[in-house]
Each structure stands twice: as C-alpha cells, then as structure tokens.
Amino acid sequence: MEREAAIARSAEAIRRHSDQNILIEAGPAPVIDRLAGLPGRPPGGPLDSWTFVAKDMIDVAGLPTTRGSLLYGRHPALESAPCVEKLEAAGALLVGKSNQHEFAWGITSENPHWGDVGNPRHPHLTPGGSSGGTGAALAAGIARFGLGTDTGGSVRIPAACCGVVGLRPRAGMVSEEGVAPLAPAFDVVGPMATTVADLARVWEVLASERVEPARSLAGWVVGVVEGGDWADAFTKLGAELRDFALPYEIGEHYRTILGAQARRVHEGTYPVNADRYSEGVRRKLDAAAGVEPAQYAAAVAGLAAARAAFAERMAGVDLLIMPTLGGPAPRVGCDEAAVRAEVTRFTAVISALGLPALAIGDLQLVGREEAVVLRAGLAWEALGEPIPEPR
C-alpha cells in the first residue's frame, strides 16, 4: 500500500541523514512511530499518503513543542494546531518535527541545543533559517512537503538555500493557533515543497482555495527588482517587464516592531533564564530592549503609511520578481549577525509590506494574493526551468 511505502521511504531517509540534525526528537519515541497509533483514514484524500514535517514551533497532539530551545517541550501538546489537523484530515502523514533556529529567530538553523542542521544539497552552506530543518527534510527526501513559519524570511531563505520552494502567505490566511510566536505582527505559517505543483496542492488544503494552473502570463505586468536574471523566462511567458524598486526604508519600522514584540513574547523567561538562551538570541533580545510606547506607536504608524504608499505604487503591476537572498547564502560557521541584514534584504521588506511571496529557490515572486504568485510559479515551472541555485 502507498501509505506503508511512503512511511518506509521517510524512515530510510531519516536513517540516512541521521547525522544532520534535521529533526528534533524530544519525546520518548521517534515522531514517525506516532503514525501507528493514529486512526486509519479511508484513502483518497487530496494529500493521501503525502509525508510532511512540521517546524517545532507548531503543536502536534502528544508531541513536545521545543521552539528549538531548552526552555520548552517538557510536556506534550494537548491538541494539534489547526494547520496540522487540516493536513492530516486530507490524508497527509506527519513523519517528524523539524529542527530550526532557536525561537525561530535567525537565518542559519545552527542550533546549540539540538545540533546544527545540515544542508543535504549544499554541505558547505547552512540550510538557512529559521525553518532550516523543514527545507533540509525536503532536500533529504524525508518528507514530500513541510510546514515552516516566516517572520522575516524564515520559509523563503531555507527554500533558497536548500533548492526547494516555499510560500509566505498573508497574515491570517493560515491559522496561527497552536503556533508559538516570535513577533505576532509579522508571523505566518507557510508551506514548503520540492515543486510548485506540490506546494499549490498543499495550499489548496490549507486555505480551501483553488489554484488554477497557468501556461501563459500574457497581459501581466511584472516588476523586476534589482536585475533581471529571470527576465527571459517571464518574457517567454508573455509578460511585460518593468523595472521596480522596493521601499527599503520600511525596514526601520519593521525592526522596531519585531524587536519590541519579541522582547514582550520572552518577558517571562528573559533575562531571568538568559543562561539557557543561545548567544545569538541573547544579543537580539538585548538589542531590542528599551523601546518606549511612543517609539513603538510611531513605528506602527510609519509601517501603515509605507504599506499604503507602496500599494499605490504597485497599482497596475501584477507581480514582482527578485532574488530571494539579498546576497550569498550563509556559509557553515558564519557569523549570523554579520550576514543577517544582507541575506534578508529582500525577504524582510516583503514581510514588512505584508504581501504573499513564493520562493522558488533563489527566485522570489511577490503579488497581492497567494493564488497569483502560485499561478505565476506554476507557469514558470511549466517552462522546465531548474530551481535557481543559491549564490
């Protein structure tokens, strides 16, 4: 049966990549063994026997949720997050909780508590972060798709580093119930897969939204941000191309809000348990201290104004294309703090704008709706183009 074959393939891939710290096994038994205790479902669901992993920020009933930390995960979750329940109801099989950057705040997934996540496709690179374990699980063949979270690029950066695809949806499109927060103003749950076609299928289940395939983008206006490495492909698809610039100045508002909210999320455990935090997250929390209510309110107002101004500028443009990574992919052993700003140069701006974005490796498609970027991604994939490699 396909279910047993899919589980066996995942188990073999888990064994083969056991030295790469891709999964967090915080409970008394391997996560994949949980499948034996689940009630059987009749075959035929839209994701029947599709294996998946969930980032360990996301609750699964009976399993710990560590947040990539030593402070959490002592007790199993009582209920699964609705996003997990939807996938399992559609026939998908959870085979692991994926490792990550501690507290989902970082771009390398080098984790001193659960081990640094390896990159099965590019061993000299980190898998990106913070959803690096999800990206690595797909690249390793452990799962057919996965769930990550994205605050400033945490789904899209691993997609670029691991050579897979990932979607950052708009806030509220996927329930965040049962998902540990980093900065609620920007946190979203996003799916990842090895192809756009698979990702579109998963999105249809998560959002109850049909994604119509497209073979042509005739009549579309596509804004090209900082270079046109993929311009020829979109010209072949019939799109009209225009140069376009991002409002990088929005980053100041974004960083103020993110830091202040993260500091509030951790107020019960930091700095009282500072010795149990990694050095990198301690530095971020220390840097975020001292944001006054007036400063925070000004950042919120500035963000809203910047979003409104950008919406006006984007009128008449259907899609934006740009790199996913703002520079070279983070190398193994790099100073995460030194490269973070450059790597997230594009992804953080898109998070700040609240727009949906699809990363196809190091190509990022941005639009107003998830169905738009997925349709464009399906059209691009139909050309037979390879997933763009990280730099």
Side-chain angles (χ1 to χ4, degrees), residues 131 148-160 165-174 176 182-192 196 199-200 203 206-207 209 211 214 217 220-226 230 234 239 241-255 257-258 261 299-326 343-380:
S131 308
T149 63
D150 190 310
T151 303
S154 289
V155 160
R156 292 161 288 160
I157 293 166
V165 299
L167 176 69
R168 176 193 166 86
R170 290 167 292 170
M173 293 299 293
V174 178
E176 292 158 45
L182 169 59
F186 305 113
D187 295 343
V188 296
V189 176
M192 302 174 68
V196 180
L199 192 69
W203 179 250
L206 286 172
E209 174 183 57
V211 179
L217 300 182
W220 287 42
V221 176
V222 174
V224 181
V225 177
E226 290 198 25
W230 306 281
F234 286 91
L241 305 186
R242 298 180 186 172
D243 289 337
F244 205 89
L246 294 181
Y248 296 107
E249 63 277 7
I250 201 175
E252 181 179 352
H253 306 310
Y254 165 82
R255 288 186 292 273
I257 296 167
L258 186 153
Q261 290 194 353
V300 170
L303 180 75
R307 286 181 171 182
F310 187 80
E312 289 186 9
R313 285 186 52 221
M314 201 171 165
V317 176
D318 300 290
L319 185 76
L320 302 178
I321 63 172
M322 66 195 75
T324 303
L325 304 176
V343 171
T344 63
R345 189 160 60 91
F346 299 115
T347 59
V349 171
I350 300 307
S351 292
L353 290 168
L355 296 172
L358 172 66
I360 307 174
D362 197 26
L363 165 63
Q364 187 173 199
L365 312 183
V366 178
R368 295 180 185 82
E369 298 177 353
E370 293 75 13
V372 169
V373 297
L374 287 167
R375 287 189 70 208
L378 288 168
W380 183 90

(request) Grab the two heavy atoms, one from A159 and one from G166, that are nearest each other, plus how far apart they are. (result) CB-N, 3.7 Å

(request) Ignoring hydrogens and angles, tell me if any N or O in the side chain of S131 forms a donor-acceptor pair with the backbone of S154 under 3.5 Å. (result) yes

(request) For residues D187 and P184, report the shortest heavy-atom separation together with the two atoms involved. (result) OD2-N, 3.5 Å

Side-chain donor-acceptor contacts of residues 355-380 below 3.5 Å, not counting sequence neighbours, with atom names and distances?
unit_1, atom_1, unit_2, atom_2, d
D362, OD1, T324, N, 3.2
D362, OD1, L325, N, 2.9
D362, OD2, R391, NE, 3.0
D362, OD2, R391, NH2, 3.3
Q364, OE1, R156, NH1, 2.9
Q364, NE2, P323, O, 3.3
R368, NH1, V317, O, 2.8
R368, NH2, M314, O, 2.5
R368, NH2, V317, O, 3.1
E370, OE1, R170, NE, 3.2
E370, OE1, R170, NH2, 2.6
E370, OE2, R170, N, 2.7
E370, OE2, R170, NE, 3.0
R375, NE, E212, O, 3.2

(request) Please state whether the rings of Y254 and F186 are parallel, tilted or perpendicular, taking 30° and 60° as the class boundaries. (result) tilted

(request) For residues A245 and F310, report the shortest heavy-atom separation together with the two atoms involved. (result) O-CE1, 4.2 Å

(request) Check S351 against G153 and note the closest heavy-atom contact, atom names and distance. (result) OG-N, 4.0 Å

(message) How long is the straight-line distance from CD1 of I250 back to CG of L353, given to the nearest 0.5 Å?
(response) 4.0 Å

(request) Take F244 and R313, measure what side-chain contact (heavy atoms from CB on, under 4.5 Å) needs, and give me the verdict at the end. (result) CA-CA 9 Å; F244 205 89; R313 285 186 52 221; 3.6 Å; yes

(message) According to side-chain hydrogen bond (donor to acceptor under 3.5 Å, both in side chains), who are the partners of E176, at least two apart in sequence or on a separate chain?
(response) none

(request) Rounded to the nearest 0.5 Å, what's the gap from OG1 on T151 to CG on L182? Could you check? (result) 4.5 Å

(message) If I compare all heavy atoms of A185 with all of Q261, which pair ends up nearest, and what's the gap?
(response) N-OE1, 2.8 Å

(message) So V349 and P247, do their side chains get closer than 4.5 Å, heavy atoms only?
(response) yes

Tell me which donor-acceptor pairs under 3.5 Å the side chains of residues 299-307 have, and how far apart each pair is, sequence neighbours excluded?
unit_1, atom_1, unit_2, atom_2, d
R307, NE, A352, O, 2.6
R307, NH2, A352, O, 2.9

(message) Just verifying a value: how many Å separate L246 CG and I350 CD1, rounded to the nearest 0.5 Å?
(response) 5.0 Å

(message) Determine whether a donor-acceptor pair (N or O, by modelled atom type, separation under 3.5 Å) exists between the side chain of D150 and the backbone of V188.
(response) no

(request) Hey, could you give me the CD1/OG1 distance between I157 and T347, rounded to the nearest 0.5 Å? (result) 4.0 Å

